[in-house]
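Presented below is the structure to which this report refers.
Please read these numbers as outputs of a predicted model, since none were measured by experiment. Computation of the quantities below employed the complete heavy-atom set of this structure, encompassing side-chain atoms and omitting hydrogens, waters and symmetry-equivalent molecules. Starting from 1, each residue takes its place in the sequence as its number.
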Amino acid sequence: MSPVCPAHLRGLRLPRRSVLFGGLAAGLLAGLALTKAAAAQTPEKVRIGYQRSSTLITVLKTNGTLEKALAPLGVEVSWHEFTSGLPLLEAVNVGSIDFSADVADTVPIFAQAAGARLVYVADEAPSPSAQAILVPAGSPIATLEQLKGKKIGVTKGAGSHYLLLAALAKAGLAIRDVTPAYLTPADARAAFVSGNLDAWVAWDPFLASTQSQSGARVLADGTGLASYKRYYLATEDFSKRGDKVLQVLFERLKATGDWVKANPGPAAETLAGLWGIDAATVEKANARRSYKVGAVTPAGLAEQQKIADTFFAEGVLPKKVDASDAATWKPATP
């Protein structure tokens, strides 16, 4: 059939049913356009970055439940491992990944200072004893004051960095009173067990593993010094396009956290082989983490400002940071 030229219709009076059909067709086309637009908002893939200590994401990666939960949305998952939180959030900032597994509370502050447009998606309740300052088993160091002049391994920008500053301040010391060695967890552990560090500020599972294998002693943990919350973040763009994906991630993380705490033995067995740590040590590490996943609230970010002010005062941050400027994503079901 030849197409009808609009010019042929000029001056003609169309039957009422044609008008109705035209309106119906227009409505159907508009509906189809909206459907396509809505579909375009759901990404086809979510790129997830994580660390070795990202317990809940590691469990989800292993058991495949996240892929199953996202399958109805037609969303695939790709996994990307990082050595620590700062390079992980840097990857989020430049768009190399869409979603970051848990990072220590300090890390988003550095990202904000660098101008990153990140969105807080979820947090884990405080776990202050899951990070600590370790000294060798035979070390004469018995108090925080005795850290003066000592070489201390710490990962720059990690929660351990803030814990060190808070511990030194409690002892009347400053970072200039010690010799900080800014190292990745793996390098710091190697230096610590070989006797090249007087102390090391570590977090689980590195903390529990080193205690178990070397007999290292906890000089002080975060209790009363640093609450040690961990946060999950996403790119600003993904938080807008991938709302349904983030809802699934939030629900699966929350359920996985509940499972780990309710099933310490099986959870430790699952992680032991992946981490290369015996199950008993993993269980010890997991016992010190809350794994209670929840929505991020402005009130819940209060310590973030304290961290930002501390780092700025120490000259670690290049500029002041207002923690409340960060965007937060709100789940449909808390």
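For the pair Phe238/Lys240, no side-chain contact is recorded, criterion being any heavy-atom separation below 4.5 Å from C-beta on. Residues Lys150 and Val178 are not in side-chain contact: their nearest non-hydrogen atoms beyond the backbone lie 4.5 Å or more apart. Between Val59 and Asn63 the shortest side-chain heavy-atom distance falls below 4.5 Å. The shortest distance between side-chain heavy atoms of Val119 and Thr235 does not fall below 4.5 Å. A heavy-atom distance below 4.5 Å is found between the side chains of Val260 and Leu56. Contact annotation: the side chain of Leu134 never approaches that of Leu219 to less than 4.5 Å [non-hydrogen atoms, C-beta and beyond]. A heavy-atom distance below 4.5 Å is found between the side chains of Gln305 and Asp322. The side-chain heavy atoms of Pro108 and Leu118, taken from C-beta on, include no pair separated by under 4.5 Å.
The CG atom of Leu249 lies 10.0 Å from the CG atom of Asp98; values are rounded to the nearest 0.5 Å. Here CG of Leu317 is found 8.0 Å from CZ of Phe312. Values are rounded to the nearest 0.5 Å. Between Leu253 atom CG and Leu246 atom CG the span is 10.0 Å, to the nearest 0.5 Å. Interatomic distance, Ile277 CD1 to Leu271 CG, rounded to the nearest 0.5 Å: 9.0 Å. Rounding to the nearest 0.5 Å gives a distance of 7.5 Å between CD1 of Ile48 and OG of Ser78. With rounding to the nearest 0.5 Å, the separation of CG in Asn93 from CD1 in Ile97 is 10.5 Å.
Counting only N and O atoms by type, the side chains of Tyr120 and Gln304 include a donor and acceptor under 3.5 Å apart. In summary, the side chains of Arg189 and Gln213 do present a donor paired with an acceptor at a separation below 3.5 Å, with no hydrogens or angles considered. There is no side-chain donor-acceptor pair under 3.5 Å between Gln247 and Asp243. One side chain, Asp221 or Thr223, offers a donor N or O that lies under 3.5 Å from an acceptor on the other.
The existence of a salt bridge linking Lys229 and Asp105 is excluded, since no basic side-chain nitrogen approaches an acidic carboxylate oxygen closer than 4.0 Å. We find that Asp198 and Lys151 are not joined by a salt bridge, their nearest charged nitrogen and carboxylate oxygen being 4.0 Å or further apart. Taking 4.0 Å as the cut-off between side-chain N and carboxylate O, Arg230 and Asp102 count as a salt-bridged pair. A salt bridge links Arg289 to Glu124: one of the charged nitrogens lies within less than 4.0 Å of a carboxylate oxygen.
For Ser239 (side chain) and Glu236 (main-chain N/O), a donor-acceptor pair under 3.5 Å exists by modelled atom type. Distance alone, capped at 3.5 Å, places no donor-acceptor pair between the Ser54 side chain and the Ile57 backbone. In this structure, Ser100 contributes its side chain and Ala234 its backbone to no donor-acceptor pair below 3.5 Å. At least one donor-acceptor pair closer than 3.5 Å links the side chain of Arg47 to the backbone N or O of Gly95. A distance-only check finds a donor-acceptor pair linking the side chain of Thr210 to the backbone of Phe206 [under 3.5 Å]. Looking only at distances, a side-chain donor or acceptor of Thr155 sits under 3.5 Å from a matching main-chain atom of Leu183. A donor-acceptor pair under 3.5 Å links the side-chain atoms of Thr270 to the main chain of Pro266, judged by distance alone. Judged purely by atom type and a 3.5 angstrom limit, Ser127 has no side-chain atom pairing as donor or acceptor with the backbone of Ala130. With Glu314 contributing its side chain and Thr310 its backbone, the two residues share no donor-acceptor pair below 3.5 Å. Side-chain N or O atoms of Asn263 include one that pairs as donor or acceptor with a backbone N or O of Trp259 at under 3.5 Å.
Side-chain heavy atoms closer than 4.5 Å link hydrophobic residues (I, L, V, M, F, W, Y) into clusters, and following such links, even through other members, never connects Val154 to Leu207. Transitive grouping of hydrophobic side chains (ILVMFWY, heavy atoms separated by less than 4.5 Å) keeps Tyr231 and Tyr228 in distinct clusters. Under the 4.5 Å side-chain heavy-atom criterion for grouping Ile, Leu, Val, Met, Phe, Trp and Tyr, Leu274 is not connected to Leu88 through any hydrophobic cluster. Each of Val245 and Val296 belongs to its own hydrophobic cluster when Ile, Leu, Val, Met, Phe, Trp and Tyr are linked at side-chain heavy-atom distances under 4.5 angstrom. Val107 and Leu165 fall within a single hydrophobic cluster, where Ile, Leu, Val, Met, Phe, Trp and Tyr side chains are chained together by heavy-atom contacts under 4.5 Å.
Counting all heavy atoms, side chain and backbone alike, Leu144 lies closest to Ala171 at CB-CB, 3.7 Å. Here the closest non-hydrogen pair linking Ala104 and Ala158 is CB-C, 4.3 Å. Summarising the geometry of Ala226 relative to Pro128, their closest heavy-atom pair is O-CB, 3.6 Å, with the distance given to 0.1 Å. Minimum heavy-atom separation, Leu86 to Gly157: CD1-CA, 3.9 Å. Minimum heavy-atom separation, Gly159 to Thr106: N-OG1, 3.2 Å. Closest heavy-atom contact between Trp203 and Ser160: CZ3-OG, 3.6 Å.
Around CD of Glu76, the count of heavy atoms belonging to other residues, nucleotides or ligands within 6.0 Å does not exceed 12.
Cation-pi contact between Lys261 and Tyr291: absent, since separation from the ring centre below 6.0 Å together with deviation from the ring axis within 45° is not met.
The distance between the ring centers of Tyr232 and Phe250 does not fall below 6.0 angstrom.
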Check against side chain to side chain contact (heavy atoms under 4.5 Å, CB included), Thr328 and Leu301: CA-CA 10 Å; Thr328 58; Leu301 291 175; 4.2 Å; yes
Test side chain to side chain contact (heavy atoms under 4.5 Å, CB included) applied to Ile152 and Thr179, step by step: CA-CA 6 Å; Ile152 305 172; Thr179 303; over 6 Å; no
Residue pair Ser212, Lys284: steps toward the side chain to side chain contact (heavy atoms under 4.5 Å, CB included) verdict: CA-CA 10 Å; Ser212 175; Lys284 179 179 180 179; over 6 Å; no
Full working for side chain to side chain contact (heavy atoms under 4.5 Å, CB included) between Lys61 and Tyr50: CA-CA 10 Å; Lys61 180 178 182 292; Tyr50 66 100; 3.4 Å; yes
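Between His161 and Phe110, the ring planes lie parallel to each other; the angle is under 30°, not in the 30° to 60° tilted range.
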